[in-house]
Structures are given as C-alpha cells and as structure tokens.
> 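This is the structure I want to talk about, given as structure tokens.
Lettering follows sequence order; numbering is per chain, from 1.
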Protein chains: 2
Amino acid sequence: MVTMRDVAQRAGVSIATVSFLLNDTKPVTAATRARIEQAMVELGYRRNMVARALASRRTHIIAMAYPALEHKFGMSTAEFFTSAAEAARKEDYHLVLWPVGNDGVELRELLGQGLVDGVVLMEVQLDDPRVDVLQQAGTPFALIGRTTELEGLSHVDIDFDTTVEDAVKHLYDHGHREMALISGDLDDPRFHDYGPWVRTEDAYRRVAASYGLPVVVLPCSDTTQAGKLAAERLLAEHPETTAMLVLNEYAALGVVSGLRRSGRDIPADMSVLSLLMVPETAAMTDPELTMMRTPGPELGQLGTEALIRELEGADPLPPQLVPAKLFPGATVTAPKAPQPKASAGRRAARKARS
Amino acid sequence: MVTMRDVAQRAGVSIATVSFLLNDTKPVTAATRARIEQAMVELGYRRNMVARALASRRTHIIAMAYPALEHKFGMSTAEFFTSAAEAARKEDYHLVLWPVGNDGVELRELLGQGLVDGVVLMEVQLDDPRVDVLQQAGTPFALIGRTTELEGLSHVDIDFDTTVEDAVKHLYDHGHREMALISGDLDDPRFHDYGPWVRTEDAYRRVAASYGLPVVVLPCSDTTQAGKLAAERLLAEHPETTAMLVLNEYAALGVVSGLRRSGRDIPADMSVLSLLMVPETAAMTDPELTMMRTPGPELGQLGTEALIRELEGADPLPPQLVPAKLFPGATVTAPKAPQPKASAGRRAARKARS
DNA sequence: TCCGTAGGTCACATCGCTGTCAAGAGTTCA
DNA sequence: TGAACTCTTGACAGCGATGTGACCTACGGA
C-alpha cells in the first residue's frame with residue numbers, strides 16, 4: 001500500500017506538507033504542489049480513509065438509516081436514497097443505506113462504533129425513539145420527515161397540507177363533491193405514529209371540512225391486496241362517492257384493481273387520485289394514474305445538504321416543506337351526474353372514522 | 001469517549017488484556033474477565049471501529065455495490081439487500097448498500113480508500129468491468145450473478161435453466177403449444193451484456209426447441225410501458241400465441257394491461273407467467289400473476305456467506321445456482337381450443353429474433 | 001531438584017493520517 | 001542592518017485499537 005510517507009519521500013517533502021495539500025489546510029507553493037501531485041500520480045497513491053478518520057475523528061460517512069423490516073423499500077424510497085447519495089458525493093461524503101430497526105437499538109449500536117459522522121433518518125414517526133438515541137449519542141442528524149417535537153432539529157418533509165389541498169382542489173374543480181380518502185392504517189401498531197399517514201389524514205379532514213365536503217376516511221395499509229379490499233368496502237359503504245384519494249402507493253394499485261373488479265370504469269364511474277407516488281408506479285395501471293408526485297429527489301438532496309451543513313459547522317438550513325406536485329394521468333374526470341342530495345349517504349359518511 | 005485504556009485502568013489490567021478478551025485472541029482467567037467486563041459496563045465502553053479497523057486492517061464493512069443509476073432499485077433488489085444485511089450482521093459484519101456506477105470507476109475509488117473489506121456485486125454483466133477492478137484491487141468479493149469467465153470467482157446466481165424449464169413445462173402441461181417469451185431488451189447498450197437477460201433468453205430458446213415449440217422472443221425493457229407495447233406487438237405479429245412468459249417484473253405488469261386493453265381476457269384468452277418476480281408485485285395485477293418467485297432471500301444470504309468465508313480465510317463455498325420456484329397465481333390456464341396447425345404463424349415465429 | 005511447557009499478562013511498536021507548534025525563508029519598512 | 005511580519009515547511013505527538021515478543025508464574029515429569 002502506498003502511504004503518504006512514500007509520497008512525501010518521493011516528492012522530497014514531509015508528510016505534513018502532503019497532508020496540507022490534500023486537505024487544503026495550509027497554503028503550498030505551486031512548485032511543491034506540482035512535485036507532490038506528480039509523486040502521487042506516479043505511485044498511484046490513494047488516501048486511506050480509515051487512518052484519516054481515526055486522526056481527524058471524521059469518517060465522512062453518512063448513514064441513511066432505513067427501517068428495512070418495518071417499511072418495504074419501494075421505488076419512492078429508492079428515489080430518496082439515490083438523490084441523497086448523489087448530494088453527499090458532491091460534498092465529499094459517502095452516503096450509504098444502513099438497515100436498522102425502528103426501535104433504535106441497532107442504531108445505538110451503530111453510533112457507538114464511531115463509524116458514521118451523521119445520520120439521515122427515514123420514515124420518521126411522530127415520536128421516534130431513534131431521535132432520542134441520536135441526541136443522546138450526540139451524533140448530528142437530519143430527518144426526512146418530522147417528529148412532533150421539532151425544537152432545533154434539522155428536517156425536511158413533504159408539505160402534506162399543500163399536497164392534500166391541491167389534490168382536493170383538483171377533484172373539486174372537476175366537480176366532485178363526494179370524495180373519500182383511502183388513508184394509512186393507523187390501527188397497525190407499527191404505524192400508529194407514522195408521520196405521513198397521520199399528517200395526511202389530518203390535513204384531509206381539515207381541507208375537506210373547509211370545502212364543505214363530507215369527510216370519508218378509510219384505513220388501508222400499503223399493499224395491493226389492502227387497496228382492493230378498501231375499494232370494495234368503500235363501494236359498499238359509500239356508494240355515493242365519485243372520487244377517491246389514495247395515500248399509499250401500492251394500495252392505489254389495488255384500489256384500481258378493486259374498482260375494476262367491481263365493474264367500475266375508471267375514471268367514468270370513479271375518479272382516482274394517488275397522493276405520494278412516483279411516475280413508474282403511476283404508469284403501472286391502465287389508465288395511468290393521476291398522482292401527486294412524491295418529491296423524493298428534492299427531499300433526499302435537501303436532507304443530506306442540511307446534515308452536511310451541520311457537520312461542517314455552517315449555519316443550519318431552515319427546515320423545508322416541499323409539496324408533492326400534481327401529475328395528471330387519466331384517472332380523474334368529471335363525475336357522471338350532478339350529485340343528488342343523498343342525505344342517507346351523507347350520514348353514513350359522517351360516521352366513518354370521524 | 002471511553003477508550004480501552006480507561007477500561008484497562010479501571011480493571012487494573014493492561015489494554016492488551018482487554019483487547020485479548022474482546023477479540024478472544026488469548027485466554028483470560030475468569031477473574032480477570034469478570035473485572036474487565038464489569039469495568040466495561042460501568043464505563044459504558046464501546047469499541048471504536050475506526051481504530052480497530054486501522055490496527056487490524058479489517059473494517060468489517062461489506063459493501064453491496066449497486067448500480068443505482070442503471071438499474072432501478074425495485075422490490076426484488078430490496079429482498080437481496082435485506083437478507084444479505086441480515087446474514088452479515090450474524091457474522092459481525094456491517095453490510096451497507098453502496099451506490100456505484102456500472103463502469104467500475106466509482107468502485108475503484110471506493111476500494112482505494114480501504115473502507116470496505118469485501119464487496120457483494122449485484123446486477124452482474126457477462127463481462128463486467130467491476131470484476132476487473134475488484135481483482136486488480138485485490139479486494140475479496142462475491143457475485144450475485146455470473147460473468148462469463150468464472151474461474152475461481154465466488155458466486156451465486158439464479159438457475160435460469162431450471163427456472164425456464166419449469167416455467168415452460170408448466171405452460172406445456174396446461175396444453176400450450178404456442179408460447180412467446182417477452183425477454184429483456186438486449187439492444188439497449190446498457191444491458192446488452194446483462195446476465196439474467198442473456199441467460200434467460202438462451203435458456204428459453206434451448207428449452208422451447210427441446211419441446212418442439214416455435215421460438216418466439218420479443219425484446220422488452222423493464223418498464224410497464226414497454227410491457228404494454230410488447231403485448232400489443234405480440235398480438236399483432238403472433239396472434240396464434242396462447243401463453244406468454246415475461247422476464248421482467250415491471251414489464252409483466254404492462255403486459256397484463258396491454259392485453260386487457262386489447263380486449264383479451266387473462267387467462268381465458270392468454271395465459272401469462274412471470275419469470276423472476278416477488279409476491280408483492282405479483283399481487284399488483286388482477287388476477288394475481290402466476291410467477292416464478294425470485295430466490296432473492298436465498299441468494300442474498302448465500303452470496304454474503306460466501307464472501308464472509310473468503311474474508312475469514314475459510315474454505316470457499318461452492319458456487320450455488322438456485323432456481324426460481326413456481327408460485328401459482330391465476331393467470332395460467334389451458335388454452336381455449338386445440339391449436340390449429342397455423343403454418344403461417346409458425347413461419348412468422350421463426351423469424352423473430354432468431 | 002531442575003527443566004520444560006503452557007497459561008496469562010504486559011509493554012510497546014504499529015496502523016496511516018491529522019494538526020499543532022516551531023522554525024526557516026523571504027519581504028517590507030524604519 | 002535589523003526588527004517585524006508573512007509564507008511555507010517540517011518534526012512529532014497523538015487518534016484508539018491490534019498483536020508480537022518477553023516475562024512471569026505454576027505445574028508436572030524426569
């Protein structure tokens with residue numbers, strides 16, 4: 001292995017000078033620089049990150065902590081990851097995906113080992129034990145998502161309020177007055193505290209109310225099967241519904257199947273709008289889903305940048321909320337007929353999860 | 001930070017003794033062991049991985065090198081990753097997902113830094129520049145997939161021959177005599193050398209011939225859109241076809257849409273069998289796809305174990321080929337009517353990509 | 001009684017790099 | 001000519017572990 005000592009020797013300088021050049025910590029004359037650089041090329045020198053990490057107490061590794069067991073790693077997550085990795089690389093950091101459990105135990109283990117400078121936390125819960133672990137360990141971190149208690153935490157997140165507002169408006173403008181949200185399944189203990197689900201549902205109730213719409217919300221976990229069942233249940237319990245907003249990516253696919261299996265035409269009989277989705281998934285249905293596109297690339301990048309600023313001791317970036325933007329597909333159109341004042345339907349609607 | 005020195009001091013031993021205990025490199029009396037362990041608990045000692053790595057020249061980090069830009073990270077890949085990570089953890093290694101380009105440049109960069117002990121290589125091409133990079137660097141590695149030149153390389157892979165054989169047999173046994181393979185798109189320069197595509201196509205040609213079937217193969221990249229088009233093209237060019245085998249996961253979804261859009265009922269008018277897929281994806285269509293289930297969990301684990309054995313200097317595991325197993329869904333049934341001897345169709349079939 | 005052997009423990013050199021402190025080389029100004 | 005600076009460069013002490021070689025008991029056999 002070629003070490004800094006070898007380079008220094010060949011260039012006729014001390015290893016300190018080589019280090020200064022490499023880290024740009026002290027000025028070096030053009031002539032010396034040239035000699036050193038030549039020596040590095042000739043010897044094929046590559047700086048050893050482990051030694052550097054030990055001496056500088058910075059590994060330049062950022063872990064993206066992902067609860068691989070609790071949350072399936074879908075296309076949306078992949079977007080977060082790749083954009084974050086790219087952002088990190090630009091700043092001379094390695095960003096790697098590190099599978100850790102949601103309870104913080106493995107994360108504590110990891111931090112204790114001093115292998116990572118900072119952590120980007122994914123799939124944040126409103127009250128997330130991993131945040132406590134990170135704070136205790138004193139490891140810098142950024143959240144992609146938000147806890148309830150945000151005091152002084154670097155974070156970026158989806159702007160659920162705006163997203164839901166825009167989504168509802170889109171349907172409202174098409175003439176829909178009987179909508180339903182196929183939400184997350186907050187009864188599942190693994191997710192009762194999962195930010196996106198809680199926030200979307202809250203936002204929807206607020207927005208729907210502000211539009212004077214009946215609030216219909218059905219729980220549904222993020223699987224195609226669950227989506228099918230939810231669609232069937234909705235048709236049975238709220239036949240007046242003309243448009244559905246579906247929170248979960250894979251559930252949305254199931255909703256489409258479920259509606260079709262029940263003989264509904266999309267969008268003629270029912271409009272479907274998917275909240276939080278990536279184009280690849282939207283293209284999986286026929287017709288292609290109208291969706292609010294998850295701002296994964298933006299959030300991955302922003303979150304990583306926020307963390308790196310903290311690591312470098314720069315002024316922290318202000319928290320950012322990015323809305324998902326509407327990508328029209330072909331699953332939303334005007335409802336078939338003007339809504340009758342179906343008071344029975346209304347009552348049933350009010351009952352659901354409200 | 002609590003160091004080994006602190007622990008040693010408190011326990012009244014030398015740091016060497018602590019190290020011996022920790023690494024189990026030399027025997028330690030029960031009494032000494034107890035004193036040291038108590039000291040560690042009291043001080044909350046956690047061994048610093050960076051220092052350990054520098055001194056021992058082993059970081060205990062395994063990188064799963066994933067070409068994030070070239071290949072989308074889908075559910076199948078996630079399975080590989082999580083099972084590999086688990087296998088690594090059992091052996092006291094960290095396995096992390098490291099995004100690197102397919103050309104080997106970033107990988108070379110990474111290896112030069114001495115941060116990883118070994119590499120699990122995903123999405124292997126038949127002639128993969130990354131393999132050369134790894135060999136040059138002298139870094140141990142295991143392939144999930146196979147290059148053409150396999151001499152002495154640790155690897156595990158899907159048994160494409162058996163998988164295709166079983167798939168064709170399944171269709172044949174249902175009475176199908178006019179099948180088509182919707183393969184990968186080997187004309188795409190990024191994938192012209194992509195192992196699974198090449199091997200599956202080869203295997204199919206062989207197996208189909210051995211069954212005396214006409215060989216119809218259509219290229220198709222791994223997107224839903226491409227799948228739709230491929231389905232339509234097949235209907236136009238080979239109307240005699242009664243069953244389709246689809247290689248790519250997302251293309252399979254598109255095939256189903258495309259067929260349905262063209263007014264075909266599945267499976268009454270056309271049987272569809274997906275090669276290489278995970279249950280979650282199979283559940284996305286209606287009816288649920290019959291598939292050969294990608295042995296992701298097995299391969300992730302086996303590949304990692306093979307690598308670790310190499311790292312530990314144990315006898316290498318023999319290469320393993322694991323077939324995808326049939327998971328019956330509801331998209332395969334007997335063809336509608338016995339096949340007429342449509343000689344025109346036959347001729348057209350022979351022309352396609354042969 | 002003496003020696004060989006094995007089990008336990010310790011001191012210390014090392015891993016490759018960082019960063020502090022001090023010193024040498026020019027420059028400028030009085 | 002020398003004081004006061006500014007630039008560059010070098011020596012060296014860590015960073016927190018590992019692991020080699022030496023040493024120091026015991027114990028058993030001859």
> Return whichever of Thr25(B) or Val50(B) has its heavy-atom-nearest nucleotide of DNA chain D closer to the 5' end.
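First, find each residue's nearest nucleotide; the 5'-ward one identifies Val50(B).
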> Measure the spacing between OG of Ser14(A) and CZ of Arg5(A) and express it to the nearest 0.5 Å.
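The OG atom of Ser14(A) sits 10.5 Å away from the CZ atom of Arg5(A).
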> By side-chain hydrogen bond (donor to acceptor under 3.5 Å, both in side chains), which residues pair with Glu106(A), not counting sequence neighbours?
Arg89(B)
> Applying side-chain contact (heavy atoms from CB on, under 4.5 Å), name anything that partners Glu149(A), two or more places apart in sequence or on another chain.
Glu151(A)
> Answer with base, sugar-phosphate or nothing: what part of the nucleic acid does Met1(A) contact at a heavy-atom distance below 4.0 Å?
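The residue Met1(A) makes sugar-phosphate contact but no base contact.
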> How bent is the helix from dT1(C)-dA30(D) to dA30(C)-dT1(D), measuring the angle between the end axes built from five pairs each, rounded to 10°?
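Between the first-five-pair axis and the last-five-pair axis there is 50°.
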> Show every side-chain hydrogen bond (donor to acceptor under 3.5 Å, both in side chains) that has at least one partner inside residues 44-53 of chain B, sequence neighbours left out.
Asn23(B)-Arg47(B)
> On DNA chain C, does the nearest nucleotide to Ala51(B) precede the nearest nucleotide to Gly12(B) from the 5' side, or the other way round? Give the residue.
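Looking at the nearest nucleotide for each, Gly12(B) comes out on the 5' side.
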> Could you state the interatomic distance from CD (Gln113(B)) to OG1 (Thr59(B)), rounded to the nearest 0.5 Å?
12.0 Å
> Between which nucleotides of DNA chain D, 5' to 3', does chain B make heavy-atom contacts below 4.0 Å?
dG16(D) to dG21(D)
> Mind checking if Val28(A) touches a base, just sugar-phosphate, or nothing, with heavy atoms under 4.0 Å?
sugar-phosphate
> Which pairs of donor and acceptor atoms, one on a side chain in residues 299-307 of chain A, lie under 3.5 Å apart (sequence neighbours left out)?
{"from": "Gln301(A)", "atom 1": "NE2", "to": "Glu305(A)", "atom 2": "OE2", "distance (Å)": "2.9"}
{"from": "Thr304(A)", "atom 1": "OG1", "to": "Gly300(A)", "atom 2": "O", "distance (Å)": "2.7"}

> Could you tell me whether Val18(A) contacts a base, only the sugar-phosphate backbone, or nothing, with contacts defined as non-hydrogen atoms closer than 4.0 Å?
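It contacts nothing in the nucleic acid.
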> My understanding is that only residues two or more places apart in sequence, or in another chain, count here; which of them pass ring-ring contact (aromatic ring centres under 6.0 Å, His included) with Phe80(A)?
none
> On DNA chain C, compare the nucleotides closest to Ala55(B) and Phe20(B); which residue's is nearer the 5' end?
Phe20(B)
> Looking only at the aromatic ring of each residue, does the gap between the centers of Phe73(B) and Tyr66(B) stay below 6.0 angstrom?
yes
> List for me each residue that meets ring-ring contact (aromatic ring centres under 6.0 Å, His included) alongside His94(B), sequence neighbours excluded, and say none if there are none.
Trp98(A)
> Heavy atoms within less than 4.0 Å of DNA chain D: which residues of residues 110-118 of chain B have one? Give them sorted by number.
none
> Taking only residues two or more places apart in sequence or in another chain, which ones pass ring-ring contact (aromatic ring centres under 6.0 Å, His included) with Trp197(B)?
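Here the qualifying residues are Phe191(B), Tyr194(B).
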> Do you know which of Asn102(A), Thr147(A), Thr148(A) makes side chain to side chain donor-acceptor pair (under 3.5 Å) with Gln125(A)?
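Result: among Asn102(A), Thr147(A), Thr148(A), Asn102(A) is the only option passing the side chain to side chain donor-acceptor pair (under 3.5 Å) with Gln125(A).
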> Remember a base hit wins even if backbone is also touched, and classify Arg5(B) as base, sugar-phosphate or nothing at under 4.0 Å, heavy atoms.
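No contact.
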> Chain A on DNA chain C: first and last contacting nucleotide, 5' to 3', under 4.0 Å to a heavy atom?
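Extent of the interface on DNA chain C: dG16(C) to dC21(C).
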> With rounding to the nearest 0.5 angstrom, report the CD1 to OG1 distance, Ile15(A) to Thr3(A).
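Going from CD1 on Ile15(A) over to OG1 on Thr3(A), the span is 8.0 Å.
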> State which residues pass side-chain hydrogen bond (donor to acceptor under 3.5 Å, both in side chains) with Arg35(B); sequence neighbours excluded, sorted by chain then number.
none
